[in-house]
Amino acid sequence: MLLLKPGLRLYKTALDRAAQEALLGELRAILCDAPLFRPKMPRTGKEFSVRMSNCGPLGWVSDLSGYRYQPHHPETGQPWPPMPESVLRLWRDFAESPVEPDACLINYYDETARMGPHQDRDETDFSAPILSLSLGLSCRFRFGGESRRDPSATIRLDSGDVLVFGGPARKMFHGVDRILPGTSTLLTPTGRINLTLRRAE
Ligand code: MD3
Ligand code: FE
């Protein structure tokens, strides 16, 4: 485990290649039920470059009316598929939290997608950490402080890495500067999948 700053823990290759492939099989089944959608920015309606889906009781969505957690897919109207046991196990193994996650956001990045610096503030309980798992192409991940103006640093996240954001790191600014093409053969078509496990309510 690497402590990047207070509350920010990195576990390199928390999942080995076989475990990544097994989890990917489960994610493919989830994405058949709950297809990736392209969220839009509130007010402007500008589309995200990242496509998203969710599993678990609640899913994060964004559209013209705002950001929120809701129990159904915004396009199919169906409830989100359940969180796989392997995903819950990740939380139990690494999150060091007594509460269970009720939301798992699935982000898909093609080679050109990025995510600008932002804070995650749509949850009601900030005492629970957020756990992120990276699969597929590596990325340059940027993290800073609680103010947008605070200095920031970057690290490379590779397939199988787990990051846990808790305590003083829970409200830090963070984003994905860019995807690094040619760094993984896990996904076909190529790209990066990031799972974020959260306690939304
Ligand atoms: C730090 N996703 O979905 S995961 C997001 O790689 C998001 O897809 C990025 O930021 C991705 O909101 C980064 C890492 C992450 C997730 C949540 C955080 C970092 C965080 C919440 C608080 C602080
Ligand atoms: Fe975020």
Side-chain angles (χ1 to χ4, degrees), residues 2-12 14-15 27 31 36-42 48-56 58-62 66-69 80 87 90-91 94-97 101-148 150 152-180 183-184 186-187 191-200:
L2 269 132
L3 186 64
L4 298 175
K5 61 183 232 164
L8 180 49
R9 309 196 302 274
L10 173 60
Y11 299 87
K12 290 301 286 183
L15 292 186
L27 293 177
L31 294 175
L36 291 167
F37 59 94
R38 201 181 286 280
K40 293 182 175 65
M41 291 294 289
F48 285 49
S49 58
V50 178
R51 293 195 292 154
M52 299 183 176
S53 188
N54 292 273
C55 58
L58 291 170
W60 188 86
V61 301
S62 177
Y67 309 126
R68 65 192 172 277
Y69 286 94
W80 301 110
V87 167
L90 271 179
W91 179 274
F94 296 104
E96 298 181 5
S97 171
D102 58 5
C104 175
L105 175 63
I106 304 165
N107 289 333
Y108 171 74
Y109 296 76
D110 67 19
E111 290 175 314
T112 67
R114 53 185 296 281
M115 190 179 287
H118 66 278
Q119 288 172 302
D120 287 21
R121 299 192 293 201
D122 303 318
E123 300 75 29
T124 47
D125 179 5
F126 292 103
S127 68
I130 291 184
L131 184 151
S132 135
L133 169 70
S134 296
L135 292 172
L137 293 179
S138 304
C139 74
R140 182 160 1 109
F141 174 73
R142 181 174 295 277
F143 62 98
E146 290 200 8
S147 159
R148 195 178 279 282
D150 289 337
S152 62
T154 61
I155 53 164
R156 175 176 158 149
L157 292 180
D158 303 311
S159 196
D161 291 357
V162 162
L163 262 179
V164 179
F165 308 84
R170 179 63 183 75
K171 286 183 177 163
M172 72 181 195
F173 276 85
H174 59 278
V176 173
D177 281 2
R178 66 184 208 94
I179 301 298
L180 303 174
T183 48
S184 169
L186 185 72
L187 300 190
R192 170 175 184 262
I193 290 179
N194 180 266
L195 301 185
T196 46
L197 280 64
R198 306 141 188 259
R199 184 74 203 183

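As the structure lists them, so they are numbered: ligands from 1, and atoms in each ligand from 1. The chain is numbered in sequence order, starting from 1. Only a predicted model underlies this, so the values are computations on that prediction, with no experimental measurement involved.
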**Asked** What is the minimum heavy-atom distance between L137 and L180, and which atoms define it?
**Response** CD2-O, 3.8 Å
**For the Fe ion (ligand 2): the N/O/S atom of D120 at shortest distance** = OD1
**Item:** Atom of H118 nearest the Fe ion (ligand 2) (restricted to N/O/S, atom name only)
**Value:** NE2
**Asked** So, Y11 versus F94, ring centres under 6.0 angstrom or not?
**Response** yes
**Fill in**
Using heavy atoms and a strict 4.0 Å limit, residues surrounding ligand 1 turn out to be L105, N107, Y109, M115, H118, D120, I130, S132, F141, F165, A169, R170, M172, H174, V176, R192, N194, T196, R198
**Request:** Evaluate side chain to side chain donor-acceptor pair (under 3.5 Å) for R114 paired with S49, printing each intermediate quantity in order.
**Result:** CA-CA 6 Å; R114 53 185 296 281; S49 58; over 6 Å; no
**Asked** For K12 and D158, what are the C-alpha separation, side-chain angles and deciding distance, and is it a salt bridge (Lys or Arg N to Asp or Glu O under 4.0 Å)?
**Response** CA-CA 8 Å; K12 290 301 286 183; D158 303 311; 2.9 Å; yes
**Asked** So is R170 actually on top of F126's ring, under 6.0 Å and inside 45° of the axis?
**Response** no
**Request:** Decide salt bridge (Lys or Arg N to Asp or Glu O under 4.0 Å) for K171 and E146; before the verdict, give the C-alpha distance in whole Å, the side-chain angles of both, and the deciding distance to 0.1 Å.
**Result:** CA-CA 6 Å; K171 286 183 177 163; E146 290 200 8; over 6 Å; no
**Prompt:** Hey, does the side chain of N194 reach the backbone of L133 with a donor-acceptor pair shorter than 3.5 angstrom?
**Reply:** yes
